[in-house]
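A short write-up of the structure that comes next.
The chains referred to below are lettered A, B, ... by the order of the sequence lines, with proteins before strands, and numbering in each begins at 1.
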Amino acid sequence: MLDPKLIRANLDEVAQGLAKRGFELNVNLLRSLERERKEIQVKTENLQSERNSRSKNIGKAKAAGEDIAPLLKEVDQLKQDLASAETELHEVQNKLDEYLSTVPNIPATEVPEGASEDDNVEVRRWGTPRQFDFEVKDHVDLGASIDGLDFDTASKITGARFAVMRGGIAKLHRALIQLMLDTHENEHGYEEVNVPYIVNAESLYGTGQLPKFEEDLFKLNDERGFYLIPTAEVPVTNLLRDTLLDKGAELPLKFVAHTPCFRSEAGSHGRDTRGMIRQHQFEKVELVQFVRPEDSDAALETLTGHAEAILQKLGLPYRTVILCGGDIGFSAAKTYDIEVWVPSQDKYREISSCSSFRDFQARRLKARYRDPETGKPALLHTLNGSGLAIGRTLLAVMENYQQADGSILVPEALQPYMAGATRIQA
RNA sequence: GGAAGGGUGGCUGAGUGGUUGAAAGCACCGGUCUUGAAAACCGGCGUAGGUUAAUAGCCUACCCAGGGUUCAAAUCCCUGCCCUUCCGCCA
């Protein structure tokens, strides 16, 4: 949610900022709703004030033993006027809230112009894609030949976009999780948390998945209106919903969580249908930070570095891009995507997305801290990033470390987590 | 699933339908005292919105959430959510 005061005071600048991401702010609607709101609110509050003082007088008169009947008569009309004014005010405020909750965050000034992912700008590259002296297989074929990846059985059990992993591949998958959790905890200073995988609508609203993106979610057929998490960002960021951190609280707060993620992938029919790139269920190690406003820009840089560190440990070539205005997510002010080299596709594919939301999520969440300067409550800034998506990391390891005989070498960083195994083969 | 009791400020915790935005304590901030600190003492200290040049005043809302009764609701009624205790069930 954008700051309503900012919108009120700088409507045209806000509209201009949002235009960068291709969002057309309904300036006329906002102007007229705001005018209405102001008028009705003033009227309502005046009536409330009137009622309060008259009620107090009635109380006093009664205590003094006077006849209150004439006073009650006076107040009769006021009561009706107030009721209708309050109803009117509710309606305008609901309309305003409803619209504002669908308005995305304003992209940071350094976010490049552009309409789609084609306009994202590369900021750095690490590693050199390996030259293969044999025909490269993709992870689906590699997985099948060593009996480690089975999409057909998964589709029998459930349906399309699910996977069964077995033996060495399942172990490799688990080793990746362990490596990431340990690295972020021991080397990058994150606290590991374990959180619910089922969340309520308020939590999804807080991080911005609702109300606009319900079709991307799996909703439980349950009268409580629960959803499966699409990312750990939702439960972990909601740790601080409706919270005012005490003055002594240490900032930043940094959390790392390993969770499954569930996405309905509505609207992506026909995209990445082969293999593990796009699944309804996948696992991810997620990094989440709560920081002071003045620290959030720097925090995005270090957080992105934390995600990159995993790829470096694994020796996987990658590049980092900054998303252009047209490609950036609803709640984000600035996002870096990290893309790993996928040999079978001969290109870099997204494996992590690291974003600063500034105060956009915090305003929806009411996640605040006490500013030591002023002693007043202030909104925190939130950030998160995948550190990393496990399924995509797995396929990157498989493809980049494949051998001519179809076996897969285990990167050194993972060997301790695999009882020292150096190779996965049939 | 059954029974009972609860949800009040950053935290703990009082609260009679009527100058209660709410006692008290803790924490925090300022001061006195002290070489300094602690202790003690004195004072201050909720959040959000509106209006405004204003972080000044004034007004409004907020005691889990949403409805209702009333001239007036933290206080009475209804619904929901959550918590605690006991019983049952259970990984």
Residues in side-chain hydrogen bond (donor to acceptor under 3.5 Å, both in side chains) with A/Glu308, at least two apart? A/Arg124, A/Tyr318, A/Thr320
With rounding to whole Å, what would you report as the distance between B/A37 and B/U32 at their P atoms? 11 Å
Applying salt bridge (Lys or Arg N to Asp or Glu O under 4.0 Å), run through A/Asp371 and A/Arg292 and close with a yes or a no. CA-CA 9 Å; A/Asp371 186 334; A/Arg292 292 200 175 88; over 6 Å; no
How close or far is atom P of B/G10 from atom NZ of A/Lys366, stated in whole angstroms? 14 Å
Short side-chain N/O contact to B/U60 OP1/OP2 from A/Ser49, under 4.0 Å: yes
Tell me, which pairs form a salt bridge (charged side-chain N to carboxylate O under 4.0 Å, His left out) where one or both residues lie in residues 96-110 of chain A, sequence neighbours left out? A/Glu110-A/Lys334
Output side-chain donor-acceptor pairs under 3.5 Å for residues 165-180 of chain A, partner residues at least two apart or in another chain, one line each.
none

Let me know the distance between NZ of A/Lys60 and P of B/U20, rounded to the nearest Å. 11 Å
I'd like to check the side-chain hydrogen bond (donor to acceptor under 3.5 Å, both in side chains) partners of A/Arg392; sequence neighbours left out, ordered by chain and number. none
Under the rule for ring pair (Phe, Tyr, Trp, His ring centres under 6.0 Å), what residues qualify as partners of A/Phe360, not counting sequence neighbours? A/Phe330
Plane angle bin for A/His306 and A/His188 - parallel if under 30°, tilted between 30 and 60°, otherwise perpendicular: parallel
Which base sits across from B/A54 as a Watson-Crick or G-U pair, both distances under 3.5 Å? none
Evaluate the side-chain hydrogen bond (donor to acceptor under 3.5 Å, both in side chains) criterion for residues A/Asn46 and A/Glu50: first the C-alpha distance (whole Å), next the side-chain angles of each, then the deciding distance (0.1 Å), finally the verdict. CA-CA 6 Å; A/Asn46 285 339; A/Glu50 183 74 18; over 6 Å; no
Polar-atom pairs under 3.5 Å, protein N or O versus N or O of nucleotides 89-91 of chain B: list them with distances, or write none.
none

Whether each nucleotide of nucleotides 43-51 of chain B has a protein heavy atom under 4.0 Å at its base (B), only at its sugar-phosphate (S) or at neither (-) is summarised, 5' to 3', as ----SSBSS
Only counting residues at least two apart or in another chain, list the ones meeting side-chain contact (heavy atoms from CB on, under 4.5 Å) with A/Glu74. A/Arg54, A/Leu71
Dump every N/O contact between nucleotides 27-30 of chain B and the protein below 3.5 Å, one line per pair.
residue : atom : partner  : partner atom : Å
B/C28   : O2'  : A/Lys247 : NZ           : 3.0

Can you check the A/His90 NE2 to B/A65 P distance for me, whole Å? 13 Å
Residue list, ring pair (Phe, Tyr, Trp, His ring centres under 6.0 Å) with A/Tyr99, at least two apart or on another chain: none
What is the pairing partner of B/G10, taking Watson-Crick or G-U wobble pairs with both distances under 3.5 Å in any strand? B/C26
Could you go step by step and tell me if A/Lys313 and A/Glu187 meet the salt bridge (Lys or Arg N to Asp or Glu O under 4.0 Å) rule? CA-CA 12 Å; A/Lys313 282 196 176 195; A/Glu187 296 173 29; 2.6 Å; yes
Phosphate OP1/OP2 of B/U60 contacted by A/Asn52 side-chain N/O (<4.0 Å): yes
Given protein heavy atoms under 4.0 Å, the one-letter contact record of nucleotides 69-82 of chain B, with B base, S sugar-phosphate only and - none, is simply --BS----------
Could you verify whether a donor N or O on one side chain and an acceptor N or O on the other, from A/Tyr190 and A/Gln289, lie under 3.5 Å apart? yes
Applying side-chain hydrogen bond (donor to acceptor under 3.5 Å, both in side chains) as the test, list every pair that has at least one member in residues 15-28 of chain A; sequence neighbours left out. none
